[in-house]
Amino acid sequence: MKRIILLSIIPFIGSLGLLPFVDEVDQYVLGMPFIFFWVVLWTLLISGFLWLIYHLDPRNMEDADK
Amino acid sequence: MNSALIVILLFLLLSIFLGIKAKKGKQMDLDEWAVGGRGFGAFLIFILLAGEMNTTFTFLGGSGWSYDKGAPAAYMIVYLPLSVIMMYWIAPAIWKYAQSKQLVSQPDFFASKYNSPFLGVLVAIIGVIAMVPYLVLQLKGLGIIVSAASYGAISPSLAGIIGAAALTIYVMVSGIHGSAWTAVLKDFMIFFIVLFLGIYLPLHYYGGIQPMFESVEKMKPGFFHLPDKGLSLSWFISATLLSAIGGMVWPHLFNAIYSSESSRAIRKNTIMQPIYSLMLLFVFFVGFTAIGQVPGLTGPDTDFALLKLSIKTFDPWFVGLIGAAGLLTALVPGSMLLMATSTSISLNVYKVIVPSATGQQVTKVAKCLVPVIALVATYFTVNGGSTIVTLLLLGYGFIAQLLPALLFSFLKNNFVNKYGAVAGMIAGVAAVMYTTFNNSSFGTLFPSLPQFVKDLDIGIVALVLNTVVTVIVSVAAQGLKAKEAVKGKESLS
């Protein structure tokens, strides 16, 4: 349970917490200004995190879900 | 009538047809009308939830804001995924509780959790207040689409009125079943059209996405960095958090959650949801391309950026197809909003005031309210002058005020009582209303605060105030009760 709570918090720190540094970067990545690349990257990562969370969450193992 | 308008009209008729067809053979009591008899599987829930989030705002507001603001628009991509993470934790809990108590609307949830019908009434009213700007935004979108597709023959106001009428008929006929199937059609269309426009337009005008960005940066230096003041870093973070929170507590979202068949289905759905917000990226590409191609749009007119650029680039029939996709993005969430609002007022305001009302009467009142609410929203659509994104942020600011009471209600030993919940919500909503109607921001109210505090989104400031009031009043009310109990004991002995 602790692991998946941590996995739920990391995206907030990554996408928003690091923004002050992200906004300083002038580099284009994948044809986009860095801030757009950053939010796209985190959108994909969050999907991955949710996949991990779903599979690590013991509540999703139970057959009866009522 | 040009071919663009004909295509749009055909799609409108098709969506009404789908609505009527979906309804066939089903007894339309309130449960069936509003939560689909609680039998929607993973696929439909996914579509419905996604539909809630992919609205006109995505299509027109997204391109309008990127056209006008640049880097700050990026907040729209990241708030939804963050909202989905919170949903992973909270939505199944809401579902479980709703299932055990057979709840139909969002105010039911609060009334039941805090054992206070009055709180239910208050939540219903806040929900309605928050949904009105959101509904206005959909109608505004409809108006913009129809007006642009008529190449100016129909004014946006008249188009908004037509849109409201279409929406009303649609909801009255089919309820949630219509929404679900039109949502399927809508998602396919919007996906392909946005993808196509986002790639084709920069390629057509600039030879690629990076050249497009570089050319915009030359025209507007610093456009792809956050400004130091106004829509600054602290605005970005607070607006993202507020929208992520607000995105979780929309009344119509509760309806979608209730209609799921299991809590695991809800959790599983969250995995793919974030991907949906990537569609915005392509919408932004369109908005940025428009900067050099249809220059000079300002204020509410920036919402026209995508359609103006499309008209400049494509034949009318294709503009019609784009318009039809836009129509569906307004129709699906708009119908969900209208339905949730009317169910809410009928069940949680009318039924509480008139406890003797039968289920049939409540259903009837709910259906009769649909045109009334549509009329109110039409009034604001015709008379308001805000951009789509401003309206959206306002709606989020209101609805997010339900969050503290919602979260506290899941605590094992919840110390927050109905008094605290009521006081907190009223304080939060009042703060948002006050600043909106006075056209002020946190910064203009307290000019001596440091810049990063001044730029905070007002919804977040109100949310903090709300939480503080909720806690203080709860503790005070508890203390008062305890004192009275002690007094009562003393007078007995």
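In what follows, chains carry the letters A, B, and so on, assigned in the order in which the sequence lines appear, proteins first and then strands, with residues in each chain numbered from 1.
- For the options S15(A), P33(A), G17(A), G48(A), heavy-atom pairs under 4.5 Å to chain B are most numerous at P33(A).
- Residue contact with chain A, scored on non-hydrogen atoms closer than 4.5 Å, involves the backbone and the side chain of L226(B) alike.
- Shown here for P274(B) and I46(A), the closest heavy-atom pair between the two residues is CG-CG2, 4.0 Å.
- Once rounded to the nearest 0.5 Å, the distance linking CG of L19(A) with OG of S234(B) reads 11.5 Å.
- No option in E214(B), Q210(B), E217(B) other than E217(B) meets the side chain to side chain donor-acceptor pair (under 3.5 Å) test with Y28(A).
- In this structure, F49(A) CZ and Y88(B) OH are separated by 14.0 Å, a value rounded to the nearest 0.5 Å.
- Contacts of F408(B) classified as ring-ring contact (aromatic ring centres under 6.0 Å, His included), with partners at least two apart in sequence or in another chain: F415(B).
- Using cut-offs of 30° and 60° on the angle between ring planes, the pair F36(A) and F213(B) is tilted.
- Both the backbone and the side chain of I77(B) come within contact range of chain A, with heavy atoms under 4.5 Å apart.
- Inter-residue side-chain proximity for F236(B) and D23(A) is flagged as unmet; no heavy-atom pair is nearer than 4.5 Å.
- Residues of residues 2-10 of chain A having a heavy atom under 4.5 Å from any heavy atom of chain B, listed by number: I4(A), I5(A), S8(A).
- L82(B) is listed as a side-chain neighbour of L16(A), based on a closest heavy-atom distance under 4.5 Å.
- If you measure heavy-atom distances from V22(A) to chain B, you find no contacts under 4.5 Å at all.
- You'll find the side chain of H225(B) stays beyond 4.5 Å of the side chain of F34(A), heavy atoms only.
- Heavy atoms of Y75(B) lying under 4.5 Å from chain A are absent altogether.
- At least one side-chain heavy atom of L44(A) sits less than 4.5 Å from a side-chain heavy atom of I275(B).
- Contact of I53(A) with chain B is made through backbone and side chain together, with heavy-atom distances under 4.5 Å.
- Atom-to-atom distance recorded for L50(A):CG and M272(B):CE is 11.0 Å, nearest 0.5 angstrom.
- Remark: K101(B) NZ is loosely packed, at most 12 non-hydrogen atoms of other residues, nucleotides or ligands lying under 6.0 Å away.
- In terms of heavy-atom pairs under 4.5 Å with chain A, the best-connected choice from L281(B), T240(B), I271(B), L278(B) is I271(B).
- Separation of atoms CH2 (W89(B)) and CG (D57(A)) is listed at 5.5 Å; rounding is to 0.5 Å.
- For the residue pair N60(A) and R264(B), the shortest heavy atom distance occurs at O-NH1, 2.8 Å.
- Contact of the M76(B) side chain with the V39(A) side chain is not registered, since no non-hydrogen atoms from C-beta on lie closer than 4.5 Å.
- Contact annotation for M86(B): only side-chain heavy atoms (C-beta onward) come within less than 4.5 Å of a heavy atom of chain A.
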